[in-house]
Amino acid sequence: IVFQRLVRHDVPSFLDDHRLYSTVVVPGSAHLAFILTAMATVDGNQPYVITNATFRQPLVMPDGQSRRMQFSFEPRESQGHHFASQSCEEKTGTRRDDWVVHADGDIAPLDGPEATPLPPQERMAIIDRCSQVIAGDDYYQLMWDVGYHLGTSFRWIDQLWRGKGEVICRLRPPASS
């Protein structure tokens, strides 16, 4: 099963908000969102679990360039499918060598209870262990300073607490949502 779409630095529009050193790089979460959307078309809109996800090569999108993306699914002997997210230049794609695999892994319907929120007492215990508190705007400024330019649609962090080997964040929808 194969799905295909054309992408540019500004299509879908959120891509333009995800830049490294001024160049759009398709985020790993976008590859997974494309896979989940395609899988829902195949197998119905239900909860899925993604395992063994590997991000093999970044998809870099210079301004003005288009690429064809494909999302492929191969059934597993047991349950679910192996997936791949790959791309090629818009005018190519006739040979297997034209395609670059960006992400792959396994996807299957969720078998068991859906995820539940962390109970408040456990959340507070993590916050208490974390000695560094960073406001969301300060975090995004730090990211900007090292070349990771996140526009409005990627600014979900309101505040984060960081400790030894753990981080917890308070998220809020970005202003553009």
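Below, each value reflects all heavy atoms present in this structure, side chains not excepted, and no hydrogens, waters or symmetry copies. What you see is a predicted model; the values in this text were computed from it and never measured.
Atom CH2 of Trp161 is separated from atom CE of Met124 by 8.0 Å, given to the nearest 0.5 angstrom. Expressed to the nearest 0.5 Å, how far CG of Asp16 lies from NE2 of His149 amounts to 13.0 Å. Distance check, rounded to the nearest 0.5 Å: CD of Glu90 to CZ of Arg8 gives 9.5 Å. Here the OG1-CZ distance, from Thr41 to Phe3, works out to 5.0 Å after rounding to the nearest 0.5 Å. Expressed to the nearest 0.5 Å, how far CG of Leu59 lies from CE of Met69 amounts to 5.5 Å. The structure places CZ of Arg155 at 7.0 Å from CG of Asp137, a figure rounded to the nearest 0.5 Å.
Proximity of Leu171 to Trp156: side-chain heavy atoms (C-beta onward) are separated by under 4.5 Å at one or more points. Residues Cys169 and Gln159 are not in side-chain contact: their nearest non-hydrogen atoms beyond the backbone lie 4.5 Å or more apart. With a 4.5 Å cut-off on side-chain heavy atoms, His81 and Arg76 do not count as touching. A heavy-atom distance below 4.5 Å is found between the side chains of Ile107 and Phe73. Annotation: side chain of Phe71 is not in contact with side chain of Ile1 (no heavy-atom distance under 4.5 Å). Inter-residue side-chain proximity for Arg56 and Asp104 is flagged as met; some heavy-atom pair is nearer than 4.5 Å.
Within the 3.5 Å criterion, the main-chain N or O of Phe154 finds no donor-acceptor partner in the side chain of His18. Counting only distance, with no hydrogens or angles, the side chain of His102 and the backbone of Gln86 share no donor-acceptor pair below 3.5 Å. Between the side chain of Asp158 and the main chain of Gly136, no donor-acceptor pair closer than 3.5 Å is present. A donor-acceptor contact shorter than 3.5 Å is absent between the side chain of Tyr148 and the backbone of Tyr140.
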Check residues 26-39 and write down every donor-acceptor pair under 3.5 Å in which the side-chain atom is one partner and the other belongs to a residue at least two apart or another chain.
from  : atom 1 : to    : atom 2 : distance (Å)
His31 : ND1    : Ser85 : OG     : 2.7
Thr37 : OG1    : Ala33 : O      : 2.9

Side chains of residues 126-133: which donor-acceptor partners sit under 3.5 Å, not counting sequence neighbours?
from   : atom 1 : to     : atom 2 : distance (Å)
Arg129 : NE     : Glu166 : OE2    : 2.8
Arg129 : NH2    : Glu166 : OE1    : 3.0
Gln132 : OE1    : Arg162 : NE     : 2.9
Gln132 : OE1    : Arg162 : NH2    : 2.7

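Among residues two or more places apart in sequence or in another chain, the salt bridge (charged side-chain N to carboxylate O under 4.0 Å, His left out) test is passed with Asp63 by Arg19.
Across all their heavy atoms, Ser153 and Pro174 have their closest contact at O-CG, 3.8 Å. Between Gln65 and Val60, the closest heavy-atom pair is OE1-O, 4.1 Å. Across every non-hydrogen atom of Asp145 and Gln141, the tightest pair is OD1-NE2, 2.7 Å. Nearest heavy-atom pair across Tyr139 and Leu160 is CD1-CD2, 3.7 Å. When all heavy atoms of Leu15 and Val24 are compared, the pair lying nearest together is O-CG1, 3.4 Å. In this structure, Arg5 and Val7 approach most closely via the heavy-atom pair NE-CG1, 3.7 Å.
At a threshold of 4.5 Å between side-chain heavy atoms, the hydrophobic network of Ile, Leu, Val, Met, Phe, Trp and Tyr places Ile157 and Ile134 in one connected group. If you chain together hydrophobic residues whose side chains sit under 4.5 Å apart, Val146 and Val25 never meet in one group.
For CD of Gln4, the number of neighbouring non-hydrogen atoms (other residues, nucleotides, ligands) closer than 6.0 Å is greater than 12.
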